> 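Sharing a structure, written as structure tokens. Questions coming.
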Amino acid sequence: MPLYLPPSRAKPPPPPLRTDDRRPVLVGLAVWGVLLVVALVVPEVRATGEGRWLGSCIAGLALGLVGLAHVHRRERRAQRERADH
């Protein structure tokens, strides 16, 4: 098995797979939402007096929304490029 193939003998790379990345982002947002509700409802979490739990849930939701916006923009850009070709 050769370790190096000259470019003339190499196969072209396969086309990229199209995936729906919105679903895992939405699942992550749902998980952070449930954890936020649990952190607000469970008295032991609120009694600690630390904002770490609430802050983590809020940050997870905020980052998930940023990720959802990024996935949406990327999908729109890919649709425009497919329409142009």
Side-chain angles (χ1 to χ4, degrees):
M1 173 179 204
L3 295 177
Y4 172 76
L5 282 177
S8 61
R9 290 185 51 205
K11 293 180 182 177
L17 293 174
R18 290 184 54 208
T19 59
D20 183 15
D21 296 331
R22 288 175 291 200
R23 187 171 294 156
V25 173
L26 290 172
V27 168
L29 279 168
V31 169
W32 281 115
V34 168
L35 290 173
L36 178 63
V37 170
V38 168
L40 290 171
V41 172
V42 175
E44 288 83 11
V45 175
R46 287 184 296 152
T48 60
E50 298 177 15
R52 185 177 359 177
W53 300 109
L54 293 176
S56 297
C57 295
I58 292 169
L61 285 170
L63 289 172
L65 291 173
V66 169
L68 191 62
H70 171 71
V71 168
H72 183 69
R73 273 194 322 268
R74 189 180 65 190
E75 184 62 30
R76 279 191 311 179
R77 188 177 338 126
Q79 285 176 355
R80 280 195 310 264
E81 289 176 2
R82 283 192 299 269
D84 290 343
H85 288 94

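On a predicted model such as this, the values are computed, not experimentally measured, just so you know. No hydrogens, no waters, no symmetry mates; every other heavy atom, side chains included, goes into these values.
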> Same cluster or not: Leu26 versus Val66, using hydrophobic residues (I, L, V, M, F, W, Y) connected whenever any side-chain heavy atoms lie under 4.5 Å apart?
no

> Any salt bridge linking Glu81 with Arg74? Criterion: basic side-chain nitrogen under 4.0 Å from a carboxylate oxygen.
no

> Out of His72, Arg77, Arg73, Gln79, which one pairs with Glu75 under the side-chain contact (heavy atoms from CB on, under 4.5 Å) rule?
Gln79

> What closest approach, in Å, do Val25 and Gly67 show between heavy atoms, and which atom pair accounts for it?
CG1-C, 4.3 Å

> Testing the basics here: between Trp32 and Cys57, what is the closest heavy-atom pair and its distance to 0.1 Å?
CE3-CA, 3.6 Å

> Look at the side-chain heavy atoms of Ile, Leu, Val, Met, Phe, Trp and Tyr, link any pair under 4.5 Å apart, and say whether Val27 and Leu63 land in one connected group.
no

> Between CG of Leu35 and CG of Leu54, what distance do you get to the nearest 0.5 Å?
11.0 Å

> Which other residues belong to the hydrophobic cluster containing Val37, where Ile, Leu, Val, Met, Phe, Trp and Tyr are joined when side-chain heavy atoms lie under 4.5 Å apart, directly or via other members?
Val41

> Using a cut-off of 6.0 Å, state whether more than 12 heavy atoms not belonging to Arg82 lie near its atom CZ.
yes

> Quick one: list whatever passes salt bridge (charged side-chain N to carboxylate O under 4.0 Å, His left out) with Asp84, sequence neighbours left out.
none

